[in-house]
Engineer: 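Have a look at the structure that comes next, please.
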Amino acid sequence: TGALVEKREIPMYYMKITAYADELLAGLEALPDWPERVKAMQANWIGKSFGVRFAFRYELPADQVGGSTPPPPAGRGAGGEGSVPGTPPEKGLLWVFTTRADTIMGVTFMAVAAEHPLAAHAARSNPQLAAFIDECKRGSVMEADLATIEKKGMPTGIFVTHPLTGDKVEVWVGNYVLMGYGEGAVMGVPGHDERDFAFAKKYGLPIRQVIDVNGQSYSTDAWQPWYADHGSCVNSGKYDGLDYDRAVDTIAADLNALGLGDKQVLYRLRDWGISRQRYWGCPIPIIHCDGCGDVPVPDDQLPVALPEDLVPDGSGNPLAKTPAFVECACPKCGKPARRETDTMDTFVDSSWYYIRYACADQNDAMVDKRVGYWLPVDQYIGGIEHAILHLLYSRFWTRVMRDLGLVGFDEPFTRLLTQGMVLNEIFFRKTDSGRIAYFNPADVDVKAGDDGARRVTLRADGQPVESGGIGTMSKSKNNGVDPQALIDEYGADTARLFMMFASPPEQTLEWSDSGVEGASRFLKRLWHFAHEFKEAADAGGNGQDAPAASTADPQLSEVRREIHKVLQQADYDMTRHQFNTVASAAMKILNALERAPQVSDHARHAVLAEGLGILLRLLAPITPHICHHLWRELGYGEDILTAAWPQPDPQALVADEVELVVQVNGKRRGSIRVPQDASRAAIESIAVADGAVRKFVAGQPVKKVVVVPGRLVNLVV
RNA sequence: GCCGGGAUGGCGGAAUUGGUAGACGCAGCGGACUCAAAAUCCGCCGGUGGCGACACCGUGGGGGUUCGAGUCCCCCUCCCGGCACCA
């Protein structure tokens with residue numbers, strides 16, 4: 001994996017996921033059975049953008065190059081060169097990336113990240129700037145925080161030369177510029193970028209309009225959203241009049257001719273830092289030797305085992321404080337050396353555990369041939385919170401294993417179902433020491449007090465607890481629900497039915513156990529109905545043959561039609577994983593069977609036997625225990641798992657007459673019954689003749705008639 | 001802030017492609033059975049007006065497209081998930 005893991009700066013190890021950015025993006029198209037929302041999130045996360053990478057020249061006068069501080073290391077792709085005192089003035093290139101090269105003539109300042117070499121350089125002779133840079137570096141690196149912080153900046157006193165105008169432009173340090181994206185430097189075009197506009201207003205920098213959109217009038221007083229739209233160049237010299245595409249092409253060509261840049265594709269995706277300063281996780285198998293450098297732990301010493309006798313004290317990485325773990329011999333020279341104490345992000349393990357499942361007993365290799373039989377995973381199910389990170393890392397990891405010849409497929413998960421989160425109320429108390437203690441909802445009583453206000457107390461001591469609102473069930477908030485309580489009281493099948501019936505799995509759900517009674521009631525009804533049916537039946541008569549098509553009783557035919565209609569819908573719902581309506585279909589079928597007319601003959605028996613057989617098979621995936629038992633007890637077969645999935649009988653679905661809703665001007669005004677094969681003209685005349693309808697037509701001429709076969713007639717007057 | 005998703009009766013939810021809004025269930029109300037209760041069974045159950053027939057309103061808010069919008073388009077509000085060291 002040497003080519004795939006890269007060590008950067010001092011403590012971080014990275015996976016080079018960016019090397020697969022394009023393939024990971026393109027691969028989404030080969031996943032038709034993944035939810036669109038997950039693919040959209042991944043595509044945006046990878047964030048492929050087309051733009052221009054180009055450079056501003058700068059020369060640093062010798063008097064700005066001072067001190068004995070060693071030059072900063074060049075950042076990734078950054079053009080800043082180290083200073084060498086005593087040589088002629090510094091020459092360097094400040095590289096930037098932009099998706100809006102058409103606005104290049106509107107550049108009025110430059111902004112670099114606090115970590116940028118140019119910032120470090122300027123800070124050496126400017127303590128105020130050094131303090132600002134420190135402040136920026138201390139701030140959060142989380143994107144969500146960066147996006148909401150106040151945009152601040154400070155000038156460096158360094159000027160760079162605009163490659164096309166030759167103008168001098170001052171370089172600022174901005175707390176909103178990310179070193180990890182692009183070049184760690186951006187061009188400031190306040191005329192057409194909202195963030196730059198605010199920055200320029202705040203620090204009194206010039207704002208220039210260089211894009212015109214349909215001749216709208218431009219003012220530097222306030223930002224207008226259209227300022228960021230594509231348009232045509234103005235106030236841009238030779239580029240005036242060019243539209244976005246032509247301006248970008250021309251400007252990129254000009255920069256290229258100057259040797260100062262060209263078009264470039266950039267990804268938002270960053271490499272994956274896997275170092276963690278934690279005890280749990282896989283140790284990174286590297287030994288640091290003063291003489292030999294960083295040496296991989298030899299195969300015969302793997303795996304590096306975590307010590308099992310240390311007690312974390314809550315500060316720092318406990319491994320680093322365990323000499324028995326750290327101190328070791330260099331595998332190359334045998335001299336004393338230090339073992340790496342960083343462990344891997346747990347996402348590393350979760351990226352391939354499912355592959356290892358196929359050959360968990362394989363002790364001589366990572367995987368073996370059995371992987372080819374079992375993988376890729378046909379149906380993966382996981383929470384929507386994994387839409388990006390886990391699922392993207394797994395797709396990356398699979399490709400790495402493929403390129404190493406370990407697996408023969410690109411994508412780990414063929415079909416994906418992402419559950420919505422289950423939410424529950426959070427209860428807590430602040431302890432004397434100021435920490436927060438969370439209490440499980442099962443241990444809390446919620447009652448209405450005498451004044452009607454809600455009173456929440458801990459059952460153990462009767463004292464109040466506070467509510468922290470509704471949130472995702474989590475270990476840290478202790479607001480999960482153990483289904484065991486439901487299982488103890490109602491049985492596992494009732495617990496399953498209740499949960500499947502509550503909502504479709506992809507949807508967010510606020511937990512409540514009200515309604516579990518209904519699930520229990522339904523299963524009892526099913527049980528009793530099945531046993532009554534069995535007792536009434538002649539011994540040994542319960543086949544699952546379809547009833548004779550000539551079911552004479554029209555009421556029985558209606559029952560059968562209802563059952564097959566419900567089955568048709570449930571069959572579709574099953575394919576789209578809408579299990580709550582499959583459960584509902586089972587209830588509808590039982591309702592229909594209970595309503596079946598009490599005519600005691602073979603036809604009735606056949607309809608009930610068929611309907612019950614359909615019901616049991618529909619319900620078996622949801623409540624396997626009771627369905628398996630009844631299937632066998634009623635003589636349908638030995639094992640419901642081997643039974644075929646029920647199919648609707650097209651014959652049963654045919655009705656002689658259909659009911660059509662009649663609308664006047666789109667409002668429901670009545671309904672009519674027409675023969676199943678009635679012509680459009682016949683339907684129209686029946687509809688117009690309907691009493692309720694006539695009232696609303698009230699003699700007005702009918703301008704238009706819309707007939708939706710099998711559904712409705714709409715008369716437009 | 002950015003990306004993705006959501007909002008429908010007292011509650012969970014249904015309505016595949018625009019075509020009867022509220023299926024199915026919970027809770028509630030009324031009734032049967034019972035000495036009584038539980039269990040079970042039957043009926044009612046979006047809002048307003050009306051004795052009623054019925055009418056009008058109604059799918060987070062505002063606008064639009066359409067014969068017809070919960071569904072499509074534009075704008076807005078609130079809620080949930082993710083934002084790279086919780087995993």
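The sequence lines fix the lettering, A, B, ..., with proteins before strands; numbering per chain opens at 1.
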Engineer: What is the distance from CG of A/L392 to C1' of B/G4, rounded to the nearest Å?
Structural biologist: 15 Å
Engineer: Expressed as a whole number of angstroms, how long is the span from A/I426:CD1 to B/C86:P?
Structural biologist: 17 Å
Engineer: Counting only side-chain heavy atoms from C-beta out, which of B/U40, B/U20, B/G82 sits nearest to A/R668?
Structural biologist: B/U20
Engineer: Find the distance A/E425:CD to B/C80:P and express it as a whole number of Å.
Structural biologist: 13 Å
Engineer: Report the base-pairing partner of B/U77 (Watson-Crick or G-U wobble, both distances below 3.5 angstrom), or none.
Structural biologist: B/A7
Engineer: Any side-chain N or O of A/T472 below 4.0 angstrom from OP1/OP2 of B/G81?
Structural biologist: yes
Engineer: Rounded to the nearest 0.5 Å, how far does OH of A/Y380 lie from CG of A/L417?
Structural biologist: 12.0 Å
Engineer: Under the criterion salt bridge (Lys or Arg N to Asp or Glu O under 4.0 Å), I'd like the reasoning laid out for A/K16 against A/D271: C-alpha separation, chi angles, the key distance, then a yes or no.
Structural biologist: CA-CA 5 Å; A/K16 296 176 74 173; A/D271 277 336; over 6 Å; no
Engineer: Given B/G81, B/U20, B/G13, which nucleotide is nearest the side-chain atoms of A/L712?
Structural biologist: B/U20
Engineer: Base, sugar-phosphate or nothing for A/A502? Non-hydrogen atoms, less than 4.0 Å.
Structural biologist: sugar-phosphate
Engineer: Of the candidate nucleotides B/A14, B/G12, B/A84, which contains the atom at the shortest distance from the side chain of A/L509?
Structural biologist: B/G12
Engineer: Below 4.0 angstrom from OP1 or OP2 of B/C24, is there any side-chain N or O of A/N591?
Structural biologist: no
Engineer: Within this structure, what is the CG-to-C1' distance between A/L590 and B/A23, rounded to whole angstrom?
Structural biologist: 16 Å
Engineer: If you compare every side-chain N and O of A/Q42 against the phosphate oxygens of B/G4 (OP1, OP2), does one of them come in below 4.0 Å?
Structural biologist: no
Engineer: Just to be sure I understand the rule, does A/W45 reach a base, reach only the sugar-phosphate, or reach nothing, if contact means heavy atoms closer than 4.0 Å?
Structural biologist: base
Engineer: Considering only the C1' atoms, how many Å lie between B/G28 and B/A36, rounded to the nearest integer?
Structural biologist: 23 Å
Engineer: Looking at A/R278, A/Q277, A/R276, which hits side chain to side chain donor-acceptor pair (under 3.5 Å) with A/D342?
Structural biologist: A/Q277
Engineer: In whole Å, what separates the C1' atom of B/G61 from that of B/C45?
Structural biologist: 28 Å
Engineer: Using whole Å, what does the distance between atom P of nucleotide B/C26 and atom OH of A/Y490 come to?
Structural biologist: 12 Å
Engineer: Tell me which nucleotide among B/G13, B/C24, B/C85 gets nearest to the side chain of A/K588.
Structural biologist: B/C24
Engineer: Does a nitrogen or oxygen in the side chain of A/Q507 sit under 4.0 Å from OP1 or OP2 of B/G13?
Structural biologist: yes
Engineer: Check every strand shown and say whether A/Q578 touches a base, only sugar-phosphate, or nothing at a heavy-atom separation below 4.0 Å.
Structural biologist: sugar-phosphate
Engineer: What about the rings of A/F501 and A/F522, do their centers lie closer together than 6.0 Å?
Structural biologist: no
Engineer: Over 60° means perpendicular and under 30° means parallel, so tell me whether A/F197 and A/Y227 are parallel, tilted or perpendicular.
Structural biologist: tilted
Engineer: Nearest-Å distance, CZ (A/F529) to P (B/U40)?
Structural biologist: 17 Å
Engineer: Determine the minimum heavy-atom distance between A/Y279 and A/T343, stating which atoms define it.
Structural biologist: O-CG2, 3.8 Å
Engineer: Paired with B/A23 by Watson-Crick or G-U wobble geometry, both distances under 3.5 Å: which nucleotide is it?
Structural biologist: none
Engineer: Identify, between A/G518 and A/I470, the residue whose nearest nucleotide on RNA chain B lies closer to the 5' end.
Structural biologist: A/G518
Engineer: So, under a plain 3.5 Å distance rule, would you say the side chain of A/N44 forms a donor-acceptor pair with the base of B/C3?
Structural biologist: no
Engineer: Find the partner of B/C56: check Watson-Crick (N1-N3 plus N6-O4 or O6-N4) and G-U wobble (N1-O2, O6-N3) distances, both under 3.5 Å, and reply none if neither fits.
Structural biologist: B/G47
Engineer: Can you tell me, in whole Å, how much space there is between the P of B/U40 and that of B/C26?
Structural biologist: 10 Å
Engineer: Touch check for A/S476, heavy atoms < 4.0 angstrom, all strands: base, sugar-phosphate only, or nothing?
Structural biologist: nothing
Engineer: So which nucleotide from B/A23, B/G12, B/C3 ends up closest to the side chain of A/M41?
Structural biologist: B/C3
Engineer: Using atom C1' of each nucleotide, how far apart are B/G70 and B/A21 to the nearest Å?
Structural biologist: 8 Å
Engineer: Taking the side chain of A/R521 as its heavy atoms from C-beta onward, which of B/C26, B/A14, B/C85 lies nearest to it?
Structural biologist: B/C26
Engineer: Any side-chain N or O of A/R576 below 4.0 angstrom from OP1/OP2 of B/A14?
Structural biologist: no
Engineer: Which of the following nucleotides, B/C85, B/C56, B/C67, is nearest to the side chain of A/R669?
Structural biologist: B/C56
Engineer: Could you check which of B/C67, B/C41, B/G13 has an atom nearest any side-chain atom of A/V716?
Structural biologist: B/C67
Engineer: What is the distance, to the nearest angstrom, from the CG atom on A/L269 to the C1' atom on B/C3?
Structural biologist: 14 Å
Engineer: Please report the distance, rounded to the nearest Å, between CD in A/E562 and P in B/C24.
Structural biologist: 9 Å
Engineer: Measure from the side-chain N and O atoms of A/N714 to the backbone N and O of A/V706, and report whether any donor-acceptor pair falls under 3.5 Å.
Structural biologist: no
Engineer: Taking the P atom of each, how far is B/G5 from B/G43, in whole Å?
Structural biologist: 43 Å
Engineer: Give a yes/no answer on whether the side chain of A/R37 brings an N or O atom under 4.0 Å of OP1 or OP2 in B/G81.
Structural biologist: no
Engineer: Using the side-chain heavy atoms of A/I384, tell me which of these nucleotides is nearest: B/A27, B/A14, B/G81.
Structural biologist: B/G81
Engineer: For B/A14, does OP1 or OP2 lie under 4.0 Å from any side-chain N or O of A/N580?
Structural biologist: yes
Engineer: Of the nucleotides B/G82, B/A23, B/C86, which has the atom closest to the A/R278 side chain?
Structural biologist: B/C86
Engineer: Just confirming the chi classification of B/G28, syn or anti, using 90° around 0 as the syn window.
Structural biologist: anti
Engineer: For a quick test of reading the model: is some side-chain N or O of A/K667 closer than 4.0 Å to OP1 or OP2 of B/G19?
Structural biologist: no
Engineer: Does A/W34 use its side chain to pair, donor to acceptor, with the backbone of A/F413 at less than 3.5 Å?
Structural biologist: yes
Engineer: Between B/C67 and A/Q663, counting only base atoms on the nucleotide and side-chain atoms on the residue, is there a donor-acceptor pair under 3.5 Å?
Structural biologist: no
Engineer: Reading RNA chain B from 5' onward, which residue's closest nucleotide shows up sooner: A/A519 or A/W280?
Structural biologist: A/A519
Engineer: Just checking, any donor-acceptor pair under 3.5 angstrom between side chains of A/E517 and A/Y490?
Structural biologist: yes
Engineer: Mind checking who B/A32 pairs with, Watson-Crick or G-U wobble, both distances under 3.5 Å?
Structural biologist: B/U40
